[in-house]
Amino acid sequence: MDDTSNAAAKNSSSISEISYLFAEMVQHGLRCITFCRSRKLCELVLSYTREILEETAPHLANSICAYRAGYIAEDRRRIESDFFGGKLCGIAATNALELGIDVGHIDVTLHLGFPGSIASLWQQAGRSGRREKPSLAVYVAFEGPLDQYFMRYPEKLFKSPIECCHIDAQNQQVVEQHLVCAALEHPLSLTHDGKYFGSGLENAVMTLKNRGYLSSDPSHDSSAKIWSYIGHEKLPSHSISIRSTENVRYRVIDMQTDEVLEEIEESKAFFQVYEGAVYMNQGYTYLVKELSISSKTALCQKADLKYYTKTRDYTDIHVIGGGIAYPAKDFKNQLSRTTAQAHACKVSTTWFGFHRIWKGSRKIFDTMELSLPKYSYESQAVWIQVPQPVKALVEKNFSFRSGLHAACHALLHVVPLYIRCNSSDLAPECPNPHDARYFPARILLYDQHRGGTGVSKQIQPYFKDLLVAALELLTSCHCSGDAGCPNCVQNLNCHEYNELLHKDAAIMIIKGVLDADKSFFKDIPDSEKTPSRAAANQPA
């Protein structure tokens, strides 16, 4: 990587900075991919860059486009072909274009924010400069703690080893989809295939039997049965996504052309399309006029709008089997020396309204109500209880909810130093500022994907180290506001707009939790002590 750019200064926008760089590369005739961390950022970068080109080089305004998940397959193939053939000069892309797709020679890669792992950053940068040709890669940082850490210590970025890849092979949704494809190729045996598919094989086979995908000879006992594929699809692999375990999607349709613009996973749909929502596709804005829950379609029409919309919602996390505040002192299972627990959980999101926000000033000028069905799924969470005395002490001076919220954000910010993950893999438990219901006294992170990705389970042994790192992050940041700043507790993806945050309260809470953990394990003999920082991904 040839250049590093810190565009995250407080008085400039990282998105604007990378858009100007993108436009500059295109105007110099350089083939460029701008990698963004999310679908929405892709659309924003494309929109801003196109506006710049319309003023400076109008003939190039239509030579760039976006490439991301959600676009229908025909559109993605057309974009790939146009880029490969030279009709397009540049693409704003998510990691959907990170590997596996041949788009020809690339001169420049731009990177908006740290993608979640050093491996991903190098993989993206490696798209340019093939066949020993010169290339340029520019990393434009956000204001978040991890991005700014690499800006201050670039050697940690350039000299650190590539991380290990962690997967959760026991994710039930993934196992079931694998089994359907496997059974088509060769019948399954509970006796012989357990070593390949794990302990959940029998439950998965029974589920697929009940759903009409598998059948067996009833004359054999259960252990000797051979299970064969009897599903309706001729090639079930064609209906299975390699990027998502979800099958239910909402189609976004242009009312004027009747064209399908995008297919959005059910878990993401209500964040993007609802009556009155401003939806973006290929950098253009559309107004959603109608949403049909029954037909899973959203009808929209192109509109030149000076505002955008953002949902008002809250998410409840119900931990399954996590009612015990402090586990039994089983020394063999507590070598990580933390009372943090990893459990299955149920995640439920409720949407109750949305804001209309001016683009330039980012001021809310209208608030609307929404009536949408709740969306729930089972996942995994990792959490630690905040002792009652700590809560009582914090409440004497600060808002306990605000402190919990800030502590969860700080913890999330330091996770990538220990575990390889993307920003979309995990989410913190965030209290809704308008909700007066009971809120659990715990610091919690959860997997944002149905069935879980296994990241929460991987975090559990490092939880104490994460708390120490989060505390160091908070105490070393010299911002003066109660709500902190993007370098410590504010989070770009917070669903609650970074409301209800209190940095000093978070410091008190984390200190209190660490002290309680230390006290809890004081009876463990020295011979039982082992370092909790395993050989996986050591923090920088």
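The chain is numbered in sequence order, starting from 1.
For the residue pair S399/H502, the side-chain donor-acceptor check at 3.5 Å is not satisfied. Using a 3.5 Å distance cut-off with no hydrogens or angles, the side chains of D425 and T453 do not pair a donor with an acceptor.
A salt bridge does not link E98 to R127: none of the charged nitrogens lies less than 4.0 Å from a carboxylate oxygen. Salt bridge absent: R450 and E176 never bring a charged side-chain N and a carboxylate O closer than 4.0 Å. The pair R152-D147 does not count as a salt bridge, with every side-chain nitrogen at least 4.0 angstrom from each carboxylate oxygen.
Scanning all heavy atoms of the two residues, the minimum distance from Q341 to H343 falls at OE1-NE2, 2.9 Å. Across I364 and I357, no two heavy atoms sit closer than the pair CG1-CG1, 3.9 Å. Of all the heavy atoms in A69 and T94, the pair that sits closest is N-OG1, 4.1 Å. S189 approaches L201 most closely through the heavy-atom pair O-CD2, 4.0 Å. The two residues K374 and T349 have their closest heavy-atom pair at CG-O, 3.2 Å. Between Q490 and G484, the shortest heavy-atom distance links the atoms NE2-O, 3.0 Å.
With a 4.5 Å cut-off on side-chain heavy atoms, T350 and D313 do not count as touching. At a threshold of 4.5 Å between non-hydrogen side-chain atoms, the residues F400 and V386 count as touching. The shortest side-chain heavy-atom distance between R39 and K268 falls under the 4.5 Å cut-off. With contacts defined as side-chain heavy-atom distances shorter than 4.5 Å, the pair L445/V455 does not qualify. Residues L404 and F439 meet the side-chain proximity criterion, which asks for heavy atoms closer than 4.5 Å. The shortest side-chain heavy-atom distance between C430 and C408 does not fall under the 4.5 Å cut-off. Considering only heavy atoms from C-beta on, D482 stays 4.5 Å or farther from F398 through its side chain. Considering only heavy atoms from C-beta on, F354 stays 4.5 Å or farther from T367 through its side chain.
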Between S117 and S120, does a side chain to side chain donor-acceptor pair (under 3.5 Å) hold up when you go through it step by step?
-> CA-CA 5 Å; S117 71; S120 288; 3.1 Å; yes
Please walk me through it: do E429 and R442 pass salt bridge (charged side-chain N to carboxylate O under 4.0 Å, His left out)?
-> CA-CA 9 Å; E429 187 169 37; R442 63 193 180 193; 2.8 Å; yes
Let me see the working for Y250 and F270 under ring-ring contact (aromatic ring centres under 6.0 Å, His included), right down to the final yes or no.
-> CA-CA 9 Å; Y250 279 72; F270 295 158; 5.5 Å; yes
Hey, mind stepping through H409 and H413 against side chain to side chain donor-acceptor pair (under 3.5 Å) and telling me if it holds?
-> CA-CA 6 Å; H409 276 198; H413 286 161; 5.5 Å; no
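The closest donor-acceptor contact from the side chain of D316 to the backbone of S348 lies at 3.5 Å or more, if one exists at all. Between the Q124 side chain and the N95 main chain, no donor and acceptor come within less than 3.5 Å of each other. Here the side chain of S519 pairs no donor or acceptor atom with the backbone of D515 at under 3.5 angstrom. Within the 3.5 Å criterion, the main-chain N or O of C477 finds a donor-acceptor partner in the side chain of K503. A donor-acceptor pair is defined here as one N or O able to donate and one able to accept, closer than 3.5 Å; no such pair exists between the side chain of E496 and the backbone of N432.
Of the candidates F271, Y274, Y314, Y375, F271 is the only one forming a ring-ring contact (aromatic ring centres under 6.0 Å, His included) with W351. Partner of H111 under the ring-ring contact (aromatic ring centres under 6.0 Å, His included) criterion, out of W122, Y139, F35, F22: F35 alone.
When the shell of 6.0 Å around NE2 of H178 is examined, it contains 12 or fewer heavy atoms from other residues, nucleotides or ligands.
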